[in-house]
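Worksheet: the structure to be examined is printed underneath.
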Amino acid sequence: MTATTETSAAAVGQSPAAADRPAEAGAEADAVDPALRRTARALHAPVVDWFAAHARDLPWRRPEAGAWGVMVSEFMLQQTPVNRVLPVYEEWMERWPRPADLAAEAPGEAVRAWGRLGYPRRALRLHGAAKAIAERHGGEVPGEHAQLLALPGVGEYTAAAVVSFAYGRRHAVLDTNVRRVFARAVTGQQYPPNATTAAERRLARALLPEDDGTASRWAAATMELGALVCTARSPQCGRCPIAAQCAWQLAGAPEHQGPARRTQSYAGTDRQVRGRLLAVLRASKEPVPQSDLDQVWHEPVQRARALDGLVADGLVEPLDGGRFRLPLT
DNA sequence: AACACGTGGAT
DNA sequence: TATCCAAGTGT
């Protein structure tokens with residue numbers, strides 16, 4: 001049997017109760033269309049077996065990484081490629097091997113160690129999550145999705161990833177890779193919708209293998225398949241373990257219909273100015289005079305707005321005498 | 001729902 | 001060179 005567009009459409013249009021269910025109910029069993037059930041079972045073995053043979057040996061996948069290692073990696077991997085994360089992850093885990101170690105540091109040290117990974121608010125949030133874990137969870141990364149979701153910087157995806165990868169429990173994990181794999185293999189679309197939909201969450205739950213161990217491997221395997229084979233730009237279907245069952249392939253690989261993803265500009269934005277300001281502050285262990293920061297951008301209004309934003313975000317601490325530094329508290 | 005939020009490699 | 005894209009979250 002094959003995964004067809006009709007199959008998924010049937011599965012997706014289920015009871016209204018399922019649609020009302022909160023997103024964190026990632027492992028709860030809905031009534032699933034029997035055809036989709038069969039589709040799921042036909043996909044599990046080839047994808048999980050492919051993963052066993054082709055998975056990358058990434059440090060956060062080793063047992064010694066622990067739940068903290070998984071959490072650190074997930075923060076760093078939010079919108080940042082694996083290759084850029086690897087060296088920073090290794091340094092981070094050596095310096096702060098447990099949440100309490102990071103919690104004892106100044107937040108600015110987390111921002112400094114974050115280096116050029118981008119989106120430095122993630123470093124601040126990871127520091128905040130470490131403090132919460134040290135204070136509220138006895139220093140252990142919590143294993144419940146709801147508890148994880150309450151931590152700063154942990155959203156639906158990251159909470160699911162920790163539950164599944166760190167604790168080996170059955171939970172739907174929907175990241176951009178998984179969404180693309182499901183869109184193609186099951187729904188027959190080249191790309192998933194721009195924002196995650198209730199239908200996608202329902203589908204991810206319906207496709208989840210029954211037992212914890214297989215479900216956990218399936219989550220990692222579908223992500224890896226999306227990252228290595230079923231890529232956004234030029235999928236390598238010749239290397240795909242489920243190409244013969246792929247709804248998108250069977251439909252003749254039609255071009256994407258919906259609206260194109262809004263491409264975000266960067267040059268000339270506040271984001272670029274913030275990046276330059278923070279680069280100066282990361283490089284200095286001493287407070288930096290305003291005059292040094294003024295060098296990074298010619299336009300004074302935008303420059304001031306960017307600096308104010310960094311202060312408001314807690315990424316920069318203003319001092320007396322017009323000097324600035326990464327936050328000590 | 002749409003937008004802000006960094007950075008750099010690939011095409 | 002310009003655009004796309006990368007294991008998202010918060011507002």
Side-chain angles (χ1 to χ4, degrees), chain A residues 23 51 55-56 58-61 65 69-89 111 114-126 128-129 148-166 171-181 190-198 200 204 219-228 230-235 256 259-282 296 302 305-306 308-310 312-316:
Chain A
F51 184 64
R56 291 168 291 180
L58 300 171
W60 45 86
R61 287 179 176 162
V70 171
M71 173 171 275
V72 168
S73 75
E74 292 303 339
F75 268 79
M76 292 183 174
L77 288 163
Q78 291 169 6
Q79 301 285 282
T80 304
V82 166
N83 286 335
R84 206 174 317 160
V85 164
L86 282 168
V88 183
Y89 171 85
V111 174
W114 198 255
R116 307 190 65 80
L117 286 184
Y119 292 149
R121 292 191 292 192
R122 291 182 293 164
L124 224 44
R125 290 172 182 153
L126 181 51
L148 288 159
L149 213 45
L151 299 172
V154 177
E156 178 184 349
Y157 161 75
T158 300
V162 172
V163 168
S164 182
F165 304 152
H171 200 291
V173 178
L174 264 188
D175 80 323
T176 188
N177 291 304
V178 176
R179 295 180 61 223
R180 187 173 55 248
V181 168
Q190 186 179 22
Y191 297 119
N194 285 333
T196 305
T197 62
E200 288 182 274
T222 46
M223 280 182 65
E224 190 80 335
L225 189 61
L228 298 183
C230 193
T231 56
R233 205 81 73 90
S234 47
H256 186 63
R261 214 184 347 178
R262 231 178 73 80
T263 152
Q264 59 171 3
S265 54
Y266 178 66
T269 62
D270 287 5
R271 235 157 63 253
Q272 183 180 23
V273 185
R274 288 166 58 110
R276 289 191 182 184
L277 290 169
L278 216 48
V280 172
L281 290 159
R282 275 199 311 264
V296 310
Q302 187 179 25
R305 185 173 65 232
D308 284 351
L310 288 171
D313 287 347
L315 282 163
V316 172

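Predicted model, so just to flag it, every value in this text is computed and none were measured. The sequence lines fix the lettering, A, B, ..., with proteins before strands; numbering per chain opens at 1.
Nucleotides of DNA chain B nearest to A/R116 and A/S234 differ in position, and the one nearer the 5' end is that of A/R116. Heavy-atom distances to DNA chain C give each of A/R180 and A/P152 a nearest nucleotide, and the one nearer the 5′ end belongs to A/R180. Sequence order on DNA chain C of the closest nucleotides to A/G153 and A/A227 puts A/A227 first from the 5' end.
Counting non-hydrogen atoms under 4.0 angstrom, A/R84 reaches a base of the nucleic acid. Using a 4.0 Å heavy-atom criterion, one finds that A/G155 contacts the sugar-phosphate atoms exclusively. Within the 4.0 angstrom heavy-atom criterion, only backbone atoms of the sugar-phosphate kind lie near A/D270; the bases stay farther away. Within the 4.0 angstrom heavy-atom criterion, no nucleotide atom of any strand lies near A/L310. Counting non-hydrogen atoms under 4.0 angstrom, A/Q272 reaches nothing in the nucleic acid. Nucleic acid contact for A/A161: none, since no nucleic acid atom lies under 4.0 Å from a heavy atom of the residue.
Closest to the side chain of A/R125, out of C/dA7, B/dG6, C/dG10, is C/dG10. Side-chain proximity of A/Y266 to B/dT7, C/dA6, B/dC5: nearest is B/dT7. When each of C/dA7, B/dC5, C/dC4 is scored by its nearest atom to the side-chain atoms of A/R271, the top-ranked nucleotide is B/dC5.
Residues A/Q79 and A/R122 have side chains that never bring a donor and an acceptor to within less than 3.5 angstrom of each other. No donor-acceptor contact under 3.5 angstrom links the side chains of A/Y157 and A/Q78, judged on distance only.
Protein atom CG of A/L117 is 14 Å distant from nucleotide atom C1' of B/dG9, rounded to whole Å. Across the protein-nucleic acid pair, A/Y119 atom OH and B/dG6 atom C1' stand 6 Å apart, rounded to whole Å. Regarding A/W114, its CH2 atom lies at a distance of 13 Å from the C1' atom of B/dC5, rounded to whole Å. The distance between atom OH of A/Y157 and atom P of C/dA6, rounded to the nearest whole Å, is 13 Å. Counting to the nearest Å, the P atom of C/dT9 and the CG atom of A/L174 are 11 Å from each other.
The shortest distance between side-chain heavy atoms of A/R282 and A/R116 falls below 4.5 Å.
One N or O donor and one acceptor, one from the side chain of A/R233 and one from the base of C/dC4, sit under 3.5 Å apart. Between the side chain of A/R121 and the base of C/dT9, no donor-acceptor pair under 3.5 Å is found.
Scanning both residues, A/L117 and A/V85, for their nearest heavy atoms gives CD2-CA, 4.1 Å.
Scanning residues 72-82 of chain A for heavy-atom distances under 4.0 Å to DNA chain C yields A/E74, A/L77, A/Q78, A/Q79, A/P81, A/V82.
C/dT9 sits 25 Å from B/dG9 when the P atoms are compared, rounded to a whole Å. One P atom belongs to C/dA7, the other to B/dC3, and the distance between them is 23 Å to the nearest Å.
For A/R282, a side-chain nitrogen or oxygen approaches OP1 or OP2 of B/dT7 to under 4.0 Å. An OP1 or OP2 oxygen of C/dT3 is reached within less than 4.0 angstrom by no side-chain nitrogen or oxygen of A/T263. Between A/T231 and C/dC5 there is no side-chain polar atom (N or O) within less than 4.0 angstrom of OP1 or OP2.
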Output a table of nitrogen or oxygen pairs between the protein and nucleotides 1-3 of chain B separated by less than 3.5 Å.
residue : atom : partner : partner atom : Å
B/dC3   : OP2  : A/R262  : NE           : 3.4

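Applying the side-chain hydrogen bond (donor to acceptor under 3.5 Å, both in side chains) rule to A/Q190 yields no partners; only residues at least two apart in sequence or on another chain are considered.
Of the possible donor and acceptor atoms, none in the side chain of A/Y89 sits under 3.5 Å from a partner among the backbone N and O of A/V72.
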